[in-house]
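First up is the structure itself, then whatever we jot down about it.
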Amino acid sequence: MSGGRIIVGVSGGVDSSVAALLLVRAGRDVAGLFMQNWEDDGSGDCRAEDDRRDAVAVCGRLGIPFFSRNFAKEYWAGVFEHFLAEYRAGRTPNPDVLCNREIKFKTFLDEARALGAERIATGHYARVDRHGGRWRLLRGVDAGKDQSYFLHQLGQAQLAATEFPIGHLPKAEVRRLAREAALPTHAKKDSTGICFIGERDFRGFLAQYLPARRGEIRTVEGQRVGEHEGVFYYTLGQREGLQIGGVRGRPAAPWYVVGKDVAANVLYVDQGSDSPWLHSSTLMSEPAHWVAGAPPATRFECTAKTRYRQADEPCTVRVGDDGRLAVRFDAPQRAVTPGQSVVLYAGEECLGGAVIESTDAPLERQLRERAA
Ligand SMILES: Nc1ncnc2c1ncn2[C@@H]1O[C@H](COP(=O)(O)OP(=O)(O)OP(=O)(O)O)[C@@H](O)[C@H]1O
């Protein structure tokens, strides 16, 4: 395991800095590779230059070679175009899942090999081990930081070449190690949000690519209660950004998005964060990816997350002949959203997952039947 060069993805953040530190301490032949995945649009919000400077400083401090590559073209073609197409279709994609599959564990891995490395490492909170003749993807030990959800599209070939040096550590310990080693990133704030959007306003960003298209906001019963700027700017279960005044016969309680009719350009809302219109017990997915290369069975019980920050929910999975999943949850789930990923776990092990295509939420079913 320990021979040959290993290249760490250095993002200029504290996690990848400590990943590199631990590999250096283990006596490995380590180099850092920073990737730029987005062209600076001059808006002044792009942190890429600061991050790059921090990545250079960390490699300097550790005394390891630093490389930098621009993958903006690959990111645009492999992640961003799909991201826009999904939003245009009224779904809510997860670009980080795709970025891992298409960029960090493909383009980046290829580039690392071109630079003479046999293996790569990242500062993800996840673990990889070898068990029963195959590689397993396991949750990070810090439950609040676990990133296996975003990594569920990895397969045997990628895991065989990958290390997650901080996956067994709690975040507080990672920060402590960074401070103790005087790494220049030790006090840096964790990055939030989608990497190419950063801290800027999400709707404003999306509007540059998907121009506003005004339409009606209606209650599920069909009453017109307001106007929206474009159904694609909203996601199921969302409360913010809805311009709805007082509605006669309705209490002054907050409204939530419970459905989108993309063809008719209508946004459906209901009151109460726990609205029955938001709940579903079954979802259907696109063809699934399995970390092991194949599902454990054609029908099995496990737990699943339908969003990153969500508790594990017990469910039964049926795998169709075409690889698509029918996932039935023991208890109804709130705001299961087409475009997001359903990720399956057996205890600590991430089995794989798939993009959610549809659910049996009552309104979604009605809209689907109407469209068919
Ligand atoms: N621009 C980049 N260049 C090289 N590697 C990157 C880059 N962005 C992310 N990575 C790698 O992917 C890992 C996970 O990325 P993520 O965006 O989730 O960052 P994070 O959890 O905030 O970690 P960090 O503190 O290292 O930025 C990073 O730890 C790093 O190894």
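Read the numbers this way: they start at 1 and go in the same order the structure lists the ligands and their atoms.
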Which pairs of N or O atoms, one from ligand 1 and one from the protein, are separated by less than 3.5 Å, and what is the distance for each pair?
{"unit_1": "ligand 1", "atom_1": "1 (N)", "unit_2": "M35", "atom_2": "O", "d": "2.8"}
{"unit_1": "ligand 1", "atom_1": "3 (N)", "unit_2": "V10", "atom_2": "O", "d": "3.4"}
{"unit_1": "ligand 1", "atom_1": "3 (N)", "unit_2": "M35", "atom_2": "N", "d": "2.9"}
{"unit_1": "ligand 1", "atom_1": "12 (O)", "unit_2": "K104", "atom_2": "NZ", "d": "3.4"}
{"unit_1": "ligand 1", "atom_1": "15 (O)", "unit_2": "K104", "atom_2": "NZ", "d": "3.3"}
{"unit_1": "ligand 1", "atom_1": "18 (O)", "unit_2": "Q147", "atom_2": "NE2", "d": "3.0"}
{"unit_1": "ligand 1", "atom_1": "21 (O)", "unit_2": "D15", "atom_2": "OD2", "d": "3.2"}
{"unit_1": "ligand 1", "atom_1": "21 (O)", "unit_2": "Q147", "atom_2": "NE2", "d": "3.4"}
{"unit_1": "ligand 1", "atom_1": "22 (O)", "unit_2": "S191", "atom_2": "OG", "d": "3.1"}
{"unit_1": "ligand 1", "atom_1": "23 (O)", "unit_2": "D15", "atom_2": "OD2", "d": "3.4"}
{"unit_1": "ligand 1", "atom_1": "25 (O)", "unit_2": "V14", "atom_2": "N", "d": "3.2"}
{"unit_1": "ligand 1", "atom_1": "25 (O)", "unit_2": "D15", "atom_2": "N", "d": "3.0"}
{"unit_1": "ligand 1", "atom_1": "25 (O)", "unit_2": "D15", "atom_2": "OD2", "d": "3.3"}
{"unit_1": "ligand 1", "atom_1": "26 (O)", "unit_2": "S11", "atom_2": "OG", "d": "3.0"}
{"unit_1": "ligand 1", "atom_1": "26 (O)", "unit_2": "S16", "atom_2": "N", "d": "2.7"}
{"unit_1": "ligand 1", "atom_1": "26 (O)", "unit_2": "S16", "atom_2": "OG", "d": "2.9"}
{"unit_1": "ligand 1", "atom_1": "27 (O)", "unit_2": "S11", "atom_2": "OG", "d": "2.6"}
{"unit_1": "ligand 1", "atom_1": "29 (O)", "unit_2": "G123", "atom_2": "N", "d": "3.0"}
{"unit_1": "ligand 1", "atom_1": "31 (O)", "unit_2": "G9", "atom_2": "O", "d": "2.6"}
{"unit_1": "ligand 1", "atom_1": "31 (O)", "unit_2": "G123", "atom_2": "N", "d": "3.0"}

Before you tell me yes or no, could you show the steps for L351 and F300 under side chain to side chain contact (heavy atoms under 4.5 Å, CB included), namely the whole-Å CA-CA distance, both residues' side-chain angles and the distance that decides it to 0.1 Å? CA-CA 12 Å; L351 301 171; F300 60 94; 3.9 Å; yes

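- Tested against Y87, the residues F202, F205, Y234 include a single ring pair (Phe, Tyr, Trp, His ring centres under 6.0 Å) partner, F202.
- The heavy-atom pair separating V269 from V225 by the smallest distance is CG2-CG2, 3.9 Å.
- Considering only heavy atoms from C-beta on, H152 comes within 4.5 Å of C350 through its side chain.
- Applying the salt bridge (charged side-chain N to carboxylate O under 4.0 Å, His left out) rule to pairs touching residues 139-156 yields R139-D312, R139-E348, K145-D190, sequence neighbours excluded.
- Using a 4.5 Å heavy-atom threshold, the side chains of P65 and R5 count as touching.
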